[in-house]
Amino acid sequence: MAKPARKPSHGGGGIAKSDPYAGAAARKGKSKATGNNIFKMNTDIGQHILKNPGVAQAIVDKADLKQSDIVLEVGPGTGNLTTRILEKAKRVIAVEQDPRMAAELTKRFQGTPAAKRLELILGDVIKMPELPYFDVCISNTPYQISSPLTFKLLATSPAPRSAVLMFQREFAMRLFAKPGEKLYSRLSVNAQMWAKVDHVMKVGKNNFNPPPQVESNVVRITPKNPRPQISYEEWDGLLRVAFVRKNRVLRSGFLGTSSVMEMLESNYKTFCAQNEIPLDDGPLDDAAAADGMDVDAGADADNDEWDGIMDVDDEDDMPDFFKEESDRKSKKLQDNPNRKKKGKVSELVRAKVKKVLEVDTELADRRARLCDEGDFLKLLYAFNQEGIHFN
């Protein structure tokens, strides 16, 4: 894979840019100590240091690093993995959110030959607008960012050669889950669409300091090469809609969710404008509106709202805040006597969605948890043929 030109790091080479961490280093001695004599770990952001050197070495070995590799390490902590990565790779880009940890990492390598090959970025990897170029990602992943980190890596272009990641065991099992299994989700479909996922090893909680409350697994994600020739954003957009309620039939998930239909209508108008397709967006006459309501009464009965970003596997998994917000929006719409009437474009899009679900794919009565990669590809192709897009 050809490496694009990389912009020079700001602030000089290696870990010489240590000013952001100087304050944290000075405060280190005032922090409450633990068994590792550094400071109290912040478990709220997933700080569990891997203390078993054998496990750390096994993780790096499974990454199959080359001497020319640039490695992205997420959450390096105090550098137990970093040390072993630097022994095998050309360069390590370590992204650390906690200034205290960054100070420890700086101190560990300062004055050593490896310091020039270590670039330390202080910040939240998920909030970074773009990741720097890297060949391999290795991470003792903070469990709170497991899902967004996985999606961010899957969407990275050019794709890395591989990623060796430590996850909470249940999350790791979601990566392998097949249609019909309890843990099958949007994550499962996305991971298996874009990459080959291999289980590397189980890691018990006692290998960490402090020990987490759950067991862990290490997985290796190898992006497919060549990459599937579809838009990642559009593919993921379709899955977001399908899995917002994975136990409901797709007819209800699309036609019975007003926010989804409004989003598809807006996207269709954009598509028509870009392709100079004329649209009549006038109001429906009363007879047509009544006919449309009769046909879709069952689908609209739930009147669910969709926020476009949630990755909920089961309704019971939804945080209370989102349940309350959904109920509030639903009641507001039902009680509003001035609720916007459906127009001609709205009914046209509804008819296209029904055609795709009921005629073109015959998936209207299937549940997302039972659909495989081929079913979702069929859906996306059929929607696109009707001018309906998800990005």
Side-chain angles (χ1 to χ4, degrees), residues 155 186 189-190 193 228-245 248-311 326 329-330 333 336 338-366 368 371 375-391:
R186 164 179 161 242
V189 185
N190 251 329
M193 174 68 183
Q229 295 302 302
I230 60 173
S231 163
Y232 175 87
E233 289 76 14
E234 183 149 26
W235 171 256
D236 187 51
L238 170 67
L239 296 183
R240 285 177 187 271
V241 175
F243 278 97
V244 73
R245 290 290 184 273
R248 282 190 185 166
V249 296
L250 292 173
R251 178 189 288 107
S252 177
F254 282 84
L255 296 170
T257 309
S258 57
S259 300
V260 170
M261 293 307 301
E262 289 168 7
M263 180 268 290
L264 296 181
E265 179 184 346
S266 175
N267 288 356
Y268 182 68
K269 289 179 179 178
T270 300
F271 168 79
C272 290
Q274 292 174 340
N275 290 276
E276 299 182 353
I277 300 174
L279 281 177
D280 180 0
D281 198 15
L284 286 174
D285 58 55
D286 292 339
D291 181 61
M293 288 175 63
D294 290 341
V295 171
D296 294 330
D300 277 334
D302 294 319
N303 193 31
D304 278 342
E305 293 302 308
W306 173 73
D307 69 1
I309 61 170
M310 285 169 30
D311 181 24
S326 178
K329 288 181 179 179
S330 179
L333 284 169
N336 184 5
N338 298 318
R339 186 177 179 184
K340 182 181 177 181
K341 295 182 179 180
K342 294 187 176 83
K344 292 181 179 179
V345 174
S346 175
E347 286 308 301
L348 174 62
V349 171
R350 180 172 291 273
K352 286 176 174 289
V353 171
K354 289 183 68 176
K355 176 176 179 290
V356 167
L357 294 173
E358 298 175 0
V359 180
D360 298 341
T361 66
E362 299 181 342
L363 292 171
D365 295 317
R366 291 281 294 279
C371 293
D375 293 325
F376 291 117
L377 281 171
K378 186 190 300 184
L379 265 177
L380 184 59
Y381 176 78
F383 276 122
N384 286 175
Q385 289 297 105
E386 295 292 333
I388 295 177
H389 297 269
F390 294 83
N391 58 347

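Side chains are part of it too, since the values below use all heavy atoms of this structure and drop only hydrogens, waters and symmetry mates. This structure is a prediction, so every number in the text was calculated from the model and none was measured.
The shortest heavy-atom contact between M261 and R350 is CE-CA, 3.7 Å. Pairing each heavy atom of A242 with each of A368, the nearest pair is O-CB, 3.3 Å. Nearest heavy atom pair, residue F254 against residue L264, reads CD2-CD1, 4.2 Å. The shortest heavy-atom contact between A364 and E358 is CB-CG, 3.8 Å.
Side chain of E234 to main chain of N391: no donor-acceptor pair is present (N/O by atom type, distance under 3.5 Å, no hydrogens or angles). Proximity of a side-chain donor or acceptor of T257 to a complementary backbone N or O of G253 within less than 3.5 Å is detected.
In this structure the side chain of K344 never reaches within 4.5 angstrom of the side chain of P283, judged on heavy atoms. Inter-residue side-chain proximity for K269 and V345 is flagged as met; some heavy-atom pair is nearer than 4.5 Å. Side-chain contact between V356 and I388 is absent, with no heavy atoms from C-beta onward closer than 4.5 Å. Counting heavy atoms from C-beta on, the side chains of E265 and L348 never come closer than 4.5 Å. In this structure, the side chains of C371 and L250 come closer than 4.5 Å at one or more pairs of heavy atoms.
The distance from the CG atom of L239 to the CG atom of L379 is 9.5 Å, given to the nearest 0.5 Å. A distance of 5.5 Å separates CD1 in I230 from CG in L377, rounded to the nearest 0.5 Å. Atom CD of residue E386 and atom OH of residue Y268 lie 8.0 Å apart, to the nearest 0.5 angstrom. Separating the CE atom in M263 from the OG atom in S259 is a distance of 9.5 Å, to the nearest 0.5 Å. Note: E233 CD to R240 CZ = 10.0 Å, rounded to the nearest 0.5 Å. The line from OG1 of T361 to CG of L380 is 11.5 Å long, rounded to the nearest 0.5 Å.
Taking the six-membered ring where the residue is Trp, F376 and F243 present tilted rings, their angle falling between 30° and 60°. Between F271 and H389, the ring planes lie tilted relative to each other; the angle falls in the 30° to 60° range.
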Residues D360, K378; criterion salt bridge (Lys or Arg N to Asp or Glu O under 4.0 Å); working and verdict:
CA-CA 9 Å; D360 298 341; K378 186 190 300 184; over 6 Å; no
